[in-house]
Amino acid sequence: MAFTAQDVKALREKTGVGMMECKKALVESDGDMDKAVDYLRERGLAAAQKKATRIASEGVVLPYHDKAANKGVVVEVNSETDFVAKNEKFMDFVTGVAKTIIAESPADVEALCTSKFNGTNRTVTETLNDLILSIGENMKIRRFELMDGVVSTYIHGGGAVGVMVGFDVDDEAKAQTAEFEEMGKNVAMQIAAMNPSYLDEASVPADVVDHEKEILAVQMKEDPKMASKPEAVLAKIAVGKMGKYYKENCLVDQEFVRSDIFQGSVKGYIDSVAKQLGTQIKANGFIRMMKGDGLEKREENFAEEIAKQING
């Protein structure tokens with residue numbers, strides 16, 4: 001079956017694959033468009049396997065909230081270079097992954113990969129392999145975390161850091177107001193900037209508290225100024241120092257960074273907005289995910305990467 005330049009163009013638009021690959025697929029498929037698509041997909045799977053050993057530590061972290069489903073997710077999808085994070089097809093895929101997670105509530109990444117990709121009959125893995133063939137880089141879905149209920153999101157640096165924070169709101173209708181949305185975004189920005197370890201004092205594990213107290217005890221014992229102080233005074237000093245630890249590491253106890261709109265703790269800021277809205281609001285948890293955190297990074301520099309592309 002013969003084919004034309006228009007057929008090559010149509011196949012390229014349908015698959016996103018380069019002209020030469022599309023032409024070869026049509027040759028191998030005797031001009032049959034459907035067989036040519038299958039041919040490219042089969043090569044896509046092979047390409048994905050071939051690229052799987054290449055380091056993927058760039059990409060994006062995307063927080064996504066579905067108000068209708070009353071659910072939110074933060075998902076990290078990695079690629080080899082940060083250029084891909086600016087690619088529309090890549091971002092459409094990441095958004096589709098987030099929607100798939102909301103709809104399917106998979107237990108883990110493995111279960112997610114076997115789920116049907118949002119709005120299609122193909123699995124997430126099959127859709128990812130198509131994208132790998134189209135873009136030409138190794139890509140991986142690394143992790144995700146789900147939250148139910150009222151949440152606010154913030155994405156920093158084009159996907160370098162993604163944050164989602166949950167709230168208990170007595171009157172959930174107030175969570176739809178502009179005032180609440182601004183407050184939620186500000187708290188999410190606080191988490192992105194200050195990277196708290198815990199929500200509040202009650203969330204700090206007992207072993208962590210004990211460890212901090214042991215460090216304080218050693219510090220006070222080795223401080224000559226403390227030697228003459230009564231035990232009761234030392235105990236008060238220790239409580240004060242633990243209070244400083246909580247203020248630095250617990251979200252609600254942290255000093256609110258946007259002092260231009262509120263001076264005090266994050267809890268104080270949330271309470272002030274709740275009072276303004278005439279309801280009760282309490283932060284109940286948060287997710288902060290940083291792109292590539294803990295992953296091996298590519299050592300190649302930009303010039304070497306371009307040289308490799310030029311030299312084929």
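Grouping Ile, Leu, Val, Met, Phe, Trp and Tyr by side-chain contacts under 4.5 Å, direct or through others, puts V257 with M194.
Between T153 atom OG1 and M189 atom CE the span is 12.0 Å, to the nearest 0.5 Å. Taking NZ of K282 as the reference point, atom CG of D170 lies at 11.0 Å (rounded to 0.5 Å). R288 contributes atom CZ, which lies 13.0 Å from atom CD of E145 (distance to the nearest 0.5 angstrom). Rounding to the nearest 0.5 angstrom, the gap separating the NZ atom in K267 from the CG atom in D200 is 10.0 Å. Rounded to the nearest 0.5 angstrom, T81 OG1 and K86 NZ are separated by 8.5 Å. For the atom pair E181 CD and N186 CG, the distance stands at 12.0 Å (nearest 0.5 Å).
Applying the salt bridge (Lys or Arg N to Asp or Glu O under 4.0 Å) rule to E182 yields no partners; only residues at least two apart in sequence or on another chain are considered.
The nearest pair of heavy atoms linking G285 to L199 is N-CD2, 3.8 Å. Among all heavy-atom pairs drawn from E76 and G292, the shortest one is OE2-N, 2.7 Å. Minimum heavy-atom separation, S79 to G59: OG-N, 3.3 Å. Residues S152 and F167 approach most closely at OG-CE1, 3.7 Å, considering heavy atoms. Between Y269 and F262, the shortest heavy-atom contact is N-CE2, 3.3 Å. For the pair V61 and P63, the tightest heavy-atom approach, listed with the atom from each and the gap, is O-CD, 3.8 Å.
Note on I155 and V94: same hydrophobic cluster, where clusters join Ile, Leu, Val, Met, Phe, Trp and Tyr whose side-chain heavy atoms are under 4.5 Å apart, directly or indirectly. No continuous path of hydrophobic side-chain contacts links V151 to F180 [ILVMFWY only; heavy atoms under 4.5 Å]. By the rule that hydrophobic residues join a cluster once side-chain heavy atoms approach within less than 4.5 Å of another member, Y245 and L251 end up as members of separate clusters.
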For residues 100-109, dump all side-chain donor-acceptor pairs below 3.5 Å to protein atoms at least two apart in sequence or in another chain.
unit_1 : atom_1 : unit_2 : atom_2 : d
T100   : OG1    : G96    : O      : 2.8
T100   : OG1    : N118   : N      : 2.9
S105   : OG     : K71    : NZ     : 2.9
D108   : OD1    : E110   : N      : 3.3
D108   : OD1    : A111   : N      : 2.8

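Dense packing is recorded around CD of E179, with more than 12 heavy atoms of other residues, nucleotides or ligands lying under 6.0 Å away. Atom CD of Q263 is surrounded by 12 or fewer heavy atoms from other residues, nucleotides or ligands within 6.0 Å. Within 6.0 Å of atom NZ in K116, more than 12 heavy atoms from other residues, nucleotides or ligands are found, so the atom counts as buried in its surroundings.
Put simply, the side chain of E58 never gets that close to the backbone of E80: no donor and acceptor are under 3.5 Å apart. In terms of modelled atom types and a separation under 3.5 Å, the side chain of Q190 and the main chain of E255 share a donor-acceptor contact.
The residue from D130, N129, T127 that alone fulfils the side chain to side chain donor-acceptor pair (under 3.5 Å) condition with R122 is D130.
Here the two rings, on Y198 and Y246, have centers that are 6.0 Å apart or farther.
Salt-bridge check for K275 with D271: failed, with every basic side-chain N at 4.0 Å or more from each acidic carboxylate O. Remark: K89 does not engage D92 in a salt bridge, criterion side-chain N to carboxylate O under 4.0 Å.
Note on ring orientation: taking the six-membered ring where Trp is involved, the planes of F117 and F93 are parallel (angle under 30°, cut-offs 30° and 60°).
In summary, the side chains of Q254 and S265 do not present any donor paired with an acceptor at a separation below 3.5 Å, with no hydrogens or angles considered. S29 and D32 are not linked by any side-chain donor-acceptor pair at a separation below 3.5 angstrom, with hydrogens and angles left out of the test.
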